[in-house]
Student: 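Before anything else, here's the structure in question.
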There are 4 protein chains.
Amino acid sequence: MFQLDVRSRKPIYEQLVDKIKEAIIHKILKPDEQLPSVRMLSSELTVNPNTIQRAYRELEQQGYLYSIKGKGNFVAQIEQMPANLAFDELKTDLQKLIAEAIYLGLTKEDLLHIYQEAMIQTRGEKN
Amino acid sequence: MFQLDVRSRKPIYEQLVDKIKEAIIHKILKPDEQLPSVRMLSSELTVNPNTIQRAYRELEQQGYLYSIKGKGNFVAQIEQMPANLAFDELKTDLQKLIAEAIYLGLTKEDLLHIYQEAMIQTRGEKN
Amino acid sequence: MFQLDVRSRKPIYEQLVDKIKEAIIHKILKPDEQLPSVRMLSSELTVNPNTIQRAYRELEQQGYLYSIKGKGNFVAQIEQMPANLAFDELKTDLQKLIAEAIYLGLTKEDLLHIYQEAMIQTRGEKN
Amino acid sequence: MFQLDVRSRKPIYEQLVDKIKEAIIHKILKPDEQLPSVRMLSSELTVNPNTIQRAYRELEQQGYLYSIKGKGNFVAQIEQMPANLAFDELKTDLQKLIAEAIYLGLTKEDLLHIYQEAMIQTRGEKN
DNA sequence: GTGGTCTAGACCACA
DNA sequence: GTGGTCTAGACCACG
């Protein structure tokens with residue numbers, strides 16, 4: 001379900017956070033959909049349950065998931081997101097990255113192209 | 001010369017890499033300009049020489065600096081940069097970041113605004 | 001009758017305890033008034049009867065309810081409440097919370113304002 | 001240094017969070033003061049290092065601490081606190097608690113008395 | 001069966 | 001020496 005690289009310098013739990021976040025953003029995972037249980041995903045990815053838990057906890061704090069003891073973890077609604085603090089931070093990161101890309105030759109057309117691609121991805125599947 | 005935040009959770013060597021990269025991108029440091037010696041910068045920032053060394057090494061690997069034994073470290077020409085491996089990677093990162101931002105409500109206008117800002121920064125000082 | 005949030009990280013039985021306690025404090029439920037039976041409330045809230053049972057048990061222990069076998073659960077008189085053990089504990093909690101709020105910038109005026117609001121709530125409806 | 005109750009229903013890491021927060025609020029721990037290292041506190045309290053870590057991480061996220069890899073954990077400045085979201089939540093909690101206390105007989109004088117005590121505590125030692 | 005906490009102990013990254 | 005990550009495996013709380 002999620003491809004991990006155990007050899008990467010990036011922590012496993014962080015890779016998992018990114019992958020799940022991506023799935024939510026791309027609407028592969030829909031609001032209120034249940035995620036695999038900690039134990040299931042743990043054995044599927046051959047990763048310790050604690051590590052999965054940590055990823056889920058992280059995503060909960062960032063507002064992408066909500067967790068119910070005894071029931072499972074679920075995708076949060078966007079509107080419930082604490083947003084805004086994270087959003088401003090994101091914009092700063094974006095500006096730095098774009099400045100660097102411009103230095104390396106990125107044109108306005110390149111950027112608009114990337115934007116279009118991103119738009120398509122976040123539109124999700126029809127259903 | 002470079003402002004470091006010892007309280008940040010980002011490692012000092014990484015902060016330094018970012019700051020120098022930024023200075024190069026913003027054309028505060030020009031191609032072939034010499035950087036301060038490890039010792040100098042070390043005492044100026046009151047940071048362990050190893051940490052400075054590591055930052056320079058990192059920047060050299062990324063192609064932003066070149067070093068001449070016995071002379072020092074210098075800003076690389078853009079053309080000398082290890083082609084577009086880094087650039088392609090950057091574009092992938094950019095797309096991920098933009099997708100996330102769109103999910104959190106970023107509009108096309110926001111993006112173009114950020115682009116304009118970045119353009120101004122990378123234009124460098126007149127001289 | 002009682003609004004529960006299944007998405008909350010607070011256990012359902014605990015939410016129920018809080019809601020009922022609140023209704024008693026705000027005098028929406030009056031002393032000696034009968035509460036809905038476990039079965040009724042269970043089906044109304046679509047919640048496991050065990051969960052309701054547990055909430056009632058908890059409230060009985062805290063002295064907010066009394067239960068008569070074969071008849072049901074009833075709101076206790078304040079005077080019947082297990083004296084001031086709970087009250088002293090509450091005052092300790094209150095002091096901790098207020099100290100934290102002061103640290104974060106709470107003023108005396110803020111506190112008095114909050115007190116006024118709480119007074120209005122506990123006055124109950126006229127009837 | 002910090003008194004824990006391993007038999008309590010409240011998780012150890014949470015108890016520790018509360019105790020440390022209290023120490024910071026009461027200015028027993030001053031801004032930029034270093035906290036005991038994870039290992040030290042771990043052996044002192046005979047609690048697993050992971051548990052201590054978790055408490056420190058929690059406090060960092062809440063803005064009470066900052067952590068530097070290779071150096072240690074330190075008390076944050078109040079001004080750097082993300083505040084406000086937490087503060088509003090705190091006020092809601094406070095109102096609920098005060099309403100309950102009023103129901104159990106709390107008077108305005110009681111409250112002002114508690115406020116005075118809290119003020120004294122948060123003033124810290126003179127130095 | 002689900003998430004949450006905890007221990008014991010290993011290994012890595014940073015300064 | 002410091003924090004950070006991870007594993008293996010146990011036990012508890014919730015519904």
Side-chain angles (χ1 to χ4, degrees), chain A residues 4 6-16 34-43 45-58 60 65-74, chain B residues 4 6 8-16 42 45-55, chain C residues 4 6 8-16 42 45-55, chain D residues 4 6-16 34-43 45-58 60 65-74:
Chain A
L4 298 182
V6 285
R7 276 182 286 171
S8 164
R9 323 167 64 242
K10 194 191 279 189
I12 294 177
Y13 84 91
E14 217 172 295
Q15 289 181 50
L16 196 53
Q34 181 163 10
L35 278 92
S37 83
V38 172
R39 286 161 176 79
M40 281 263 302
L41 199 51
S42 159
S43 73
L45 301 177
T46 55
V47 156
N48 190 288
N50 277 326
T51 306
I52 308 287
Q53 263 257 15
R54 169 133 194 220
Y56 279 0
R57 206 188 318 138
E58 192 80 29
E60 193 187 357
L65 297 186
Y66 61 94
S67 160
I68 305 178
K69 219 181 187 170
K71 300 205 85 176
N73 287 276
F74 305 84
Chain B
L4 299 181
V6 287
S8 165
R9 61 178 309 93
K10 194 189 285 187
I12 291 180
Y13 86 92
E14 216 173 297
Q15 287 184 50
L16 198 52
S42 160
L45 302 176
T46 55
V47 157
N48 192 307
N50 289 331
T51 307
I52 308 286
Q53 193 60 270
R54 172 148 188 200
Chain C
L4 298 181
V6 287
S8 164
R9 61 178 310 94
K10 195 188 282 187
I12 291 180
Y13 86 93
E14 215 173 299
Q15 286 183 51
L16 198 52
S42 160
L45 301 176
T46 55
V47 156
N48 193 306
N50 289 330
T51 307
I52 309 286
Q53 192 61 269
R54 172 148 189 200
Chain D
L4 299 180
V6 285
R7 276 183 287 171
S8 164
R9 323 167 64 246
K10 193 191 279 189
I12 295 177
Y13 84 92
E14 219 173 293
Q15 290 181 47
L16 197 52
Q34 181 163 10
L35 278 92
S37 83
V38 172
R39 287 162 176 79
M40 281 263 301
L41 198 52
S42 160
S43 73
L45 301 176
T46 55
V47 157
N48 189 287
N50 276 327
T51 306
I52 308 287
Q53 262 257 15
R54 171 135 193 218
Y56 278 2
R57 206 188 319 139
E58 193 80 29
E60 192 188 357
L65 296 187
Y66 61 94
S67 159
I68 306 179
K69 220 181 187 168
K71 300 204 85 175
N73 287 277
F74 304 84

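Keep in mind the model is a prediction, meaning the values are calculated, not measured. Just so you know, these numbers use all the heavy atoms, side chains as well, and skip hydrogens, waters and symmetry mates. Quick note on labels: first sequence line is chain A, next is B, and so on, each numbered from 1.
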Student: Roughly how far apart are B/I12 CD1 and B/N48 CG, rounded to 0.5 Å?
Tutor: 9.5 Å

Student: Could you give the CZ-to-C1' distance, from A/R57 to E/dG3, as a whole number of Å?
Tutor: 11 Å

Student: Going by heavy atoms in the side chains, are D/L16 and D/L45 under 4.5 Å from each other?
Tutor: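 They are in side-chain contact.
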
Student: In dot-bracket form, how is DNA chain E paired, counting a Watson-Crick or G-U wobble pair only if both its distances are under 3.5 Å and using | for bases paired to another strand?
Tutor: ||||||||||||||.

Student: Rounded to the nearest 0.5 Å, how far does CG of A/N73 lie from CZ of A/R57?
Tutor: 11.0 Å

Student: From the set F/dG15, E/dA15, E/dC6, return the single nucleotide nearest to any side-chain atom of B/I12.
Tutor: E/dA15

Student: Mark yes or no for whether A/S43, through its side chain, and A/M40, through its backbone, hold a donor-acceptor pair below 3.5 Å.
Tutor: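 Yes, the answer is positive, given that a donor and an acceptor are paired below the 3.5 Å cut-off.
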
Student: To the nearest angstrom, how far is A/N73 atom CG from F/dC14 atom P?
Tutor: 17 Å

Student: Figure out the OH/P separation between A/Y66 and E/dG4, and round it to whole Å.
Tutor: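 To the nearest whole Å, that distance equals 14 Å.
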
Student: Mind calculating the distance between CG (D/L45) and C1' (E/dC6) to the nearest angstrom?
Tutor: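 So the CG-C1' distance, D/L45 to E/dC6, works out to 14 Å.
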
Student: Tabulate protein N/O versus nucleotide N/O from nucleotides 9-13 of chain F, keeping only pairs under 3.5 Å, one per line.
Tutor:
from, atom 1, to, atom 2, distance (Å)
F/dG9, O6, A/N50, ND2, 3.0

Student: Do D/P36 and D/Y56 make a side-chain contact, defined as non-hydrogen atoms from C-beta onward lying under 4.5 Å apart?
Tutor: yes

Student: Quick one: which of E/dG3, F/dG4, E/dT7 gets closest to the side chain of D/V47?
Tutor: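 Taking heavy atoms from C-beta onward, the closest nucleotide is E/dT7.
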
Student: Expressed as a whole number of angstroms, how long is the span from D/R7:CZ to E/dT5:C1'?
Tutor: 18 Å

Student: Using only atom types and a distance under 3.5 Å, with no angle test, would you say the side chain of D/Q34 pairs donor to acceptor with the backbone of D/K71?
Tutor: yes

Student: In this structure, which one of B/I52, B/N50, B/T51 forms a side-chain contact (heavy atoms from CB on, under 4.5 Å) with B/S42?
Tutor: B/I52

Student: Taking NZ from D/K10 and C1' from E/dC6, how many angstroms apart are they, rounded to a whole number?
Tutor: 17 Å

Student: Write down the atom of A/Y66, the atom of A/E60, and the distance for their closest heavy-atom approach.
Tutor: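 Where A/Y66 meets A/E60 most closely, the heavy atoms are CA-CG, 4.2 Å.
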
Student: Please list, chain by chain and in numerical order, all residues satisfying salt bridge (Lys or Arg N to Asp or Glu O under 4.0 Å) with B/K10, sequence neighbours excluded.
Tutor: B/D18

Student: Rounded to whole angstrom units, what separation is found between the CD1 atom of B/I52 and the P atom of E/dC14?
Tutor: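 Result: 15 Å.
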
Student: Mapping C/E14 and A/T51 to their closest nucleotides on DNA chain F, which lands nearer the 5' end?
Tutor: A/T51

Student: Distance check needed: F/dG3 P versus D/F74 CZ, whole Å only.
Tutor: 8 Å

Student: Indicate whether OP1 or OP2 belonging to F/dG4 is found under 4.0 Å from a side-chain N or O atom of D/Q53.
Tutor: yes

Student: Establish, with yes or no, whether the OP1 or OP2 oxygen of E/dG4 is under 4.0 angstrom from a side-chain nitrogen or oxygen of A/S67.
Tutor: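 Looking at the OP1 and OP2 atoms of E/dG4, one of them is under 4.0 Å from a side-chain N or O of A/S67.
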
